[in-house]
Amino acid sequence: MWSSPARWRQVLLPFLMSLAAQIHYSVLEELDKGSFVGNIAKDLGLEPRELAERGARIVSRGRTQLFALNPISGSLVTVDRIDREELCAQSMPCLVSFNILVENNMKIYGVEIEIIDINDNFPRFRDEEVKVKINENAATGTRLALPFARDADVSVNSLQSYQLSPNIHFSLEEKSGDDGQKYPELVLEKPLDREKVAAHNLLLTALDGGDPILSSTMHIRVMVLDANDNAPLFSLPEYRVSVPENIPVGTRLLMLTATDPDEGINGELTYSFHNEDDKISKTFQLDSKLGEILTLQSLDYEESRFYLMEVIAQDGGALLASAKVLITVQDVNDNVPEVILTSRASSVSEDCPPGTIIALFSVHDGDSGENGEILCSIPRNLPFKLEKSVDNYYHLLTTKALDREEISNYNITVMVIDCGNPPLSTESYIYLNVADINDNPPIFPHTPYSTYILENNPRGISVLSVTAQDPDSGNNAKVTYSLAEDTFQGIPLSSYVSINSNTGVLYALDSFDYEQVKDLQLWVMASDNGDPPLSSNISLRLFVLDQNDNVPEILYPSIPTDGSTGVELAPRSAEPGYLVTKVVAVDRDSGQNAWLSYHLLKASEPGLFQVGLHTGEVRTARALLDRDALKQSLVVAVQDHGQPPLSATVTLTVAIADSIPDVLADLGSLEAPRDSQASDLTLYLVVAVAAVSCVFLAFVIVLLALRLRRWHASRLLQAAGGGLLGAPASASQFVGVDGVRAFLQTYSHEVSLTAGSRESHVIFPQPNYVDTLLSQESCGKSEPLLISEEINVNEELGVVQVRFFFSMLACSFFFFICFLNLFSSAKHGTLDLGSGHGPQGVGVESQMGLLAQCRVSLRFPSLFLCPLHLHPHMHSLKRNKYFF
């Protein structure tokens, strides 16, 4: 027994027990909030600060938290005042169980705390006053049942005894029931006389065994009735019935039967509950006339497994009888198992090892027996398993490595089923996300890539889009594209193409030219943004397609830079099919764009010439006639087969003659076309040339005078021996006649004069060019230039010098006549300056016997044709060819 309530609050009686892997404590009820219960950190083998660091917390199911963890001291304390009677009623011992979860390692520990009762409740009667009836002829020793008191405390603090106020007729006796309850009874000690005392007032006191002792009182009014000598009698002293908990409301459970042999009002019985508590009165209904017990609300085995009540039957004469009624509730499988998720990981890395804990949960079934036995399972095709832990707790673990690329998340179905009949089950779902790691490189769907692009493409045009897929997610799947560094023809590939790093679109940075770049070999690299990044590459070949963007280029006949036309020779004796010339052209394009065809667009004499479609050969179509003009103009077109086709033209002038002298003689009579736009310019040029010629003529006269003086002095000297005078001459390549330029290949001539010889020869060596004009005479002919049989050495030398001076005089006169002719031509508008690209050389060579060297470059448009060699023995030409 405790001496005072203060001592109850100070002494906590904590103790630790290690039974069944649980921690046990005991604590008094009604302690203040925050009262110490036990040092849980020490009992768990942890330091106080480790409770918070490891995430320790209390987990309990379906009730208010009564205790809490103090993270500072590491102790278990009360959350609020604890009322044992409210918590456990009359049950002993009063145990509160819960679990402590250590979050970081997902371990759980069972804790059981016993709540110790203190004497904090008074014994209480249901009614403050009760009336009891008794017949006046009741025999001594008659017992009257009295309402008993209830005490919410247990053990010594519960109801211990009753006391009755002193009187002469009644005494008090106590009777203990099977449930341990003490029932008070009035015992008639002395016969009653209603006529003397009609009612007796008594005071009943109920006492508990606490310290201090608590008590309560009830007034008893004993009414003395008229004589009724037969009391009611039940057929059974105790009625028992078992019913399932799921019976419907209003079901009749049993019927009580009592009899009274008296008649009249003394034989009429009334049934009622005696000493029932509120729970029974709310759950059951007793028919006062029939004695039937009905249900007022549903029964719940989990709430109360049986109901014990007392029923009395009282007749009209106040005689009564009592009987016990025990209603046992049978359990049925009416509670579905439930899953309580205690802790879980929302995501797990795909490279986690087998055995990684995913979740911790508990299962519970409110039924009992087989109905409360639970089986827990998950689908077998998942890489997880269940492992039983403490009590009804389970761990969900992995069984093998996960692959996010195959399954990125799991919705794990946890099925729990009880063993009832029929069995009940429930499903709970645990969602698990598999976190990605960078374990997959980007992959190209095609390998290799090839694409085509037309040349002359616009700059910045999109060529191709490459795409690489990365089965990872997030940054691990974000692909960046780049080109491998390389060069083409010594130029970096980045100068030709670029790639968008985000989209993989390949762009042309420049306009491609098929004739320079036909294809490019590239390597495209795709890298993800993982850590470390993974990459892959692929070969890409870019082919440049040809476009018809090049005009055919004519190689032969070549067009002079001044715009003059060429002249080909055709003898008048040429037969049909005679090869006059051949037009040679190339096209820088390829394929069909480079296939060339030749066409005769225009001819001054239709039907005279024909052009080979594919060869470009210009041949005579018929025999030449005398009536055919000397100069024939042909326009030949060269066309490719591109779309659209491109073409180039060349104008050929064919001179019809058997020999070059004939050509030179005949062409001298041709009149050049007038050009009114160049008349003013021509006049200015003629004036300028005339001024230069006058200066030159004055220079020649002075030179002649000097030469004559030297010659006169040399006559006084005796010449001994001989000498050799060599005079190379070079003729220019063009002779202009009537605005037409005839091309003659450059020749090197050697004039040899020897003292002491009777003859001198002019030798014309073989030209070193393949495209020279052909002549009917051989190149080895020679003709004597100086014929003198009787001249001696000194005279011969003098003659040479005199002839040299006269030759210079003749040349000066020759230029003067040319200038007069130029002036006359300019005045009459017959002078042609060509394309205005500058004067072209006209070679004039005179083969007078004493002329050592004479090179004059002039342009004689329409006056006359200056021959290359005026000597009768003209150098032979290899080809009959002129260019105009």
Side-chain angles (χ1 to χ4, degrees), residues 551-560 562-587 595-642 644-660 662-675 735-743 771 773-774 830 832 834-835 861-862 865 879-884:
V551 177
E553 181 181 353
I554 298 175
L555 301 180
Y556 184 86
S558 60
I559 302 176
D562 61 348
S564 60
T565 60
V567 172
E568 304 289 344
L569 292 180
R572 289 190 177 274
S573 60
E575 296 295 329
Y578 175 80
L579 176 62
V580 178
T581 187
K582 181 177 181 180
V583 178
V584 179
V586 294
D587 195 316
W595 297 349
L596 300 180
S597 60
Y598 302 84
H599 308 277
L600 182 60
L601 292 183
K602 183 179 179 182
S604 58
E605 186 70 32
L608 180 57
F609 298 96
Q610 62 183 8
V611 178
L613 179 63
H614 300 294
T615 63
E617 295 177 346
V618 180
R619 296 178 181 271
T620 56
R622 59 175 175 80
L624 298 175
L625 304 177
D626 293 338
R627 60 180 174 83
D628 293 331
L630 171 64
K631 185 178 70 171
Q632 298 287 336
S633 295
L634 306 177
V635 179
V636 178
V638 183
Q639 180 176 310
D640 59 25
H641 286 72
L646 301 178
S647 62
T649 60
V650 63
T651 301
L652 299 176
T653 301
V654 179
I656 301 175
D658 292 328
S659 63
I660 292 178
D662 295 340
V663 175
L664 298 177
D666 294 341
L667 291 179
S669 62
L670 296 178
E671 183 178 358
R674 297 189 178 187
D675 188 354
V735 177
V737 180
D738 294 339
V740 179
R741 300 178 185 273
F743 173 76
D771 50 355
L773 298 175
L774 295 178
T830 59
D832 181 23
S835 60
S862 61
L865 174 65
R879 294 183 61 185
N880 297 329
K881 175 181 176 184
Y882 279 79
F883 283 94
F884 289 82

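Counting begins at 1 with the first residue of the sequence. Computed over heavy atoms, backbone and side chain alike; hydrogens, waters and symmetry mates excluded.
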Give me the atom names and distance for the closest heavy-atom approach of [X] to [Y].
{"X": "Ala623", "Y": "Pro576", "result": "N-CG, 3.6 Å"}
{"X": "Arg572", "Y": "Leu630", "result": "NH2-CA, 4.4 Å"}
{"X": "Ala621", "Y": "Gly607", "result": "CB-O, 3.3 Å"}
{"X": "Val650", "Y": "Pro557", "result": "CG2-CG, 4.1 Å"}
{"X": "Lys582", "Y": "Thr615", "result": "CE-O, 3.2 Å"}
{"X": "Ala570", "Y": "Leu624", "result": "O-CD1, 4.2 Å"}

Gap separating the [atom1] atom of [X] from the [atom2] atom of [Y], nearest 0.5 angstrom:
{"X": "Leu608", "Y": "Thr620", "atom1": "CG", "atom2": "OG1", "value": "7.5 Å"}
{"X": "Arg619", "Y": "Phe609", "atom1": "CZ", "atom2": "CZ", "value": "13.0 Å"}
{"X": "His641", "Y": "Asp587", "atom1": "NE2", "atom2": "CG", "value": "11.0 Å"}

Among Val654, Leu600, Leu579, Val583, the one residue meeting side-chain contact (heavy atoms from CB on, under 4.5 Å) with Val618: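 Between Val618 and the candidates, side-chain contact (heavy atoms from CB on, under 4.5 Å) is satisfied uniquely by Val583.
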
Pairs involving residues 599-608, ordered by first then second residue, that meet side chain to side chain donor-acceptor pair (under 3.5 Å) (sequence neighbours left out):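 Every side chain to side chain donor-acceptor pair (under 3.5 Å) pair that includes a residue of residues 599-608, provided the two are not neighbours, is Ser597-His599, Ser604-Gln632.
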
Set of residues satisfying side chain to side chain contact (heavy atoms under 4.5 Å, CB included) with respect to Ala585, sequence neighbours excluded: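 Ala585: side chain to side chain contact (heavy atoms under 4.5 Å, CB included) contacts with Ile554, Leu596, Tyr598, Val638.
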
With Glu553, which residues qualify under side chain to side chain contact (heavy atoms under 4.5 Å, CB included), at least two apart?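 Testing Glu553 for side chain to side chain contact (heavy atoms under 4.5 Å, CB included), a comparison that skips the adjacent residues, returns Leu555, Val586.
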
